Amino acid sequence: QQQVKQSPQSLIVQKGGISIINCAYENTAFDYFPWYQQFPGKGPALLIAIRPDVSEKKEGRFTISFNKSAKQFSLHIMDSQPGDSATYFCAASLYNNAGNMLTFGGGTRLMVKP
Amino acid sequence: DAGVIQSPRHEVTEMGQEVTLRCKPISGHNSLFWYRQTMMRGLELLIYFNNNVPIDDSGMPEDRFSAKMPNASFSTLKIQPSEPRDSAVYFCASSLYPYGYTFGSGTRLTVV
């Protein structure tokens with residue numbers, strides 16, 4: 001059962017534009033929602049994460065918006081740059097010290113055109 | 001810190017051979033995860049350990065796959081016998097509550 005659904009699968013954005021990637025989850029027990037960025041030939045790297053007690057978190061050009069009632073969260077990349085071209089994964093998990101078993105979305109391949 | 005270290009980076013083997021992938025987690029991290037990534041199935045969790053103990057191996061495809069974590073600084077994922085459909089990139093990741101995962105650079109496995 002896919003517990004985290006991610007869309008779109010691919011996205012093309014012009015340089016300077018806003019990239020938006022959406023995720024929806026099913027398990028209401030999830031309380032930790034990170035986004036990972038993966039470049040070709042590399043492992044995914046933590047980009048930004050949010051807990052459900054806030055509705056938005058911003059770090060530089062990257063913002064997570066979280067809607068607990070809708071069980072949805074999204075990543076916004078402002079002023080998108082060609083260097084942002086990568087695959088982005090949303091994820092969700094329980095947040096405790098027993099081992100955070102992340103469930104990943106299917107990934108979004110972002111291309112930012114110069 | 002050198003991060004999560006995986007070896008080898010690339011492995012090409014013939015069908016039926018045994019393959020062993022290795023992982024050294026970040027020192028002090030108490031959880032370790034093995035993932036497999038393919039175009040068709042994305043990132044799949046195979047197994048994870050907490051304090052060196054296997055917690056959930058429900059993602060291990062079949063008995064041909066096995067994983068061990070003999071101590072806090074080393075883990076292996078073994079495939080015996082290997083099959084062409086096992087070809088994928090295998091990632092190891094480690095974490096320490098309350099921080100997120102750190103992934104290794106992966107092992108690209110090709111079974112011919």
Side-chain angles (χ1 to χ4, degrees), chain A residues 1-10 21 23 25 27 29-54 57 59 62 64 73 75 86-109, chain B residues 2-7 9-10 21 23-26 28-60 69 72 75 88-108:
Chain A
Q1 180 185 10
Q2 184 183 7
Q3 295 192 51
V4 179
K5 295 183 179 180
Q6 185 172 345
S7 63
Q9 286 186 306
S10 62
I21 305 171
C23 283
Y25 62 97
N27 187 344
F30 286 152
D31 58 359
Y32 176 68
F33 303 90
W35 285 88
Y36 282 79
Q37 179 188 55
Q38 184 180 26
F39 293 106
K42 302 291 186 181
L46 179 62
L47 187 63
I48 186 173
I50 196 168
R51 299 290 308 280
D53 51 346
V54 296
K57 183 174 182 180
E59 291 185 1
F62 300 90
I64 299 179
F73 57 111
L75 176 70
T87 299
Y88 293 81
F89 294 92
C90 63
S93 78
L94 299 175
Y95 193 63
N96 57 51
N97 62 358
N100 306 336
M101 190 178 77
L102 285 173
T103 299
F104 283 89
T108 296
R109 184 169 292 183
Chain B
V4 176
I5 300 173
Q6 290 187 247
S7 64
R9 287 298 311 274
H10 303 275
L21 312 181
C23 176
K24 177 179 170 55
I26 290 175
H29 282 194
N30 65 342
S31 295
L32 183 139
F33 308 81
W34 282 100
Y35 279 85
R36 178 171 68 177
Q37 185 175 40
T38 61
M39 288 295 293
M40 291 297 295
R41 301 176 68 88
L43 275 167
E44 301 175 275
L45 176 66
L46 300 177
I47 185 171
Y48 84 98
F49 297 83
N50 188 245
N51 294 322
N52 310 339
V53 176
I55 302 300
D56 187 335
D57 66 354
S58 59
M60 297 286 261
M69 191 165 187
S75 177
V89 181
Y90 291 80
F91 287 105
C92 174
S94 68
S95 74
L96 176 66
Y97 175 83
Y99 307 105
Y101 285 24
T102 300
F103 280 81
S105 296
T107 294
R108 181 174 295 276

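Each chain gets a letter, A, B and so on, in the order its sequence line appears, and its residues count up from 1. Just so it is clear, the structure is predicted and the values come from calculations on it, not from any experiment.
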What part of [X] gets within 4.5 angstrom of chain A, counting heavy atoms only: side chain, backbone, both, or neither?
| X | result |
| --- | --- |
| B:M40 | neither |
| B:Q37 | side chain |
| B:R41 | neither |

Margin query: Using a 3.5 Å distance criterion without hydrogens, assess whether the side chain of A:Y36 forms a donor-acceptor pair with backbone atoms of A:F104.
Written below: no
Next item on the list: Tell me whether the centres of the aromatic rings in B:Y35 and B:F91 are closer together than 6.0 Å.
Entry: no
Check: At their closest point, which heavy atom of A:F30 faces which heavy atom of A:Q3, and how far apart are they?
Finding: CZ-OE1, 3.5 Å
Checklist line | Max heavy-atom pair count under 4.5 Å with chain B, selected residue of A:P34, A:G107, A:P44, A:G43 | finding: A:P44
Check: Parallel, tilted or perpendicular: which describes the rings of A:Y25 and A:F73, with under 30° parallel and over 60° perpendicular?
Finding: tilted
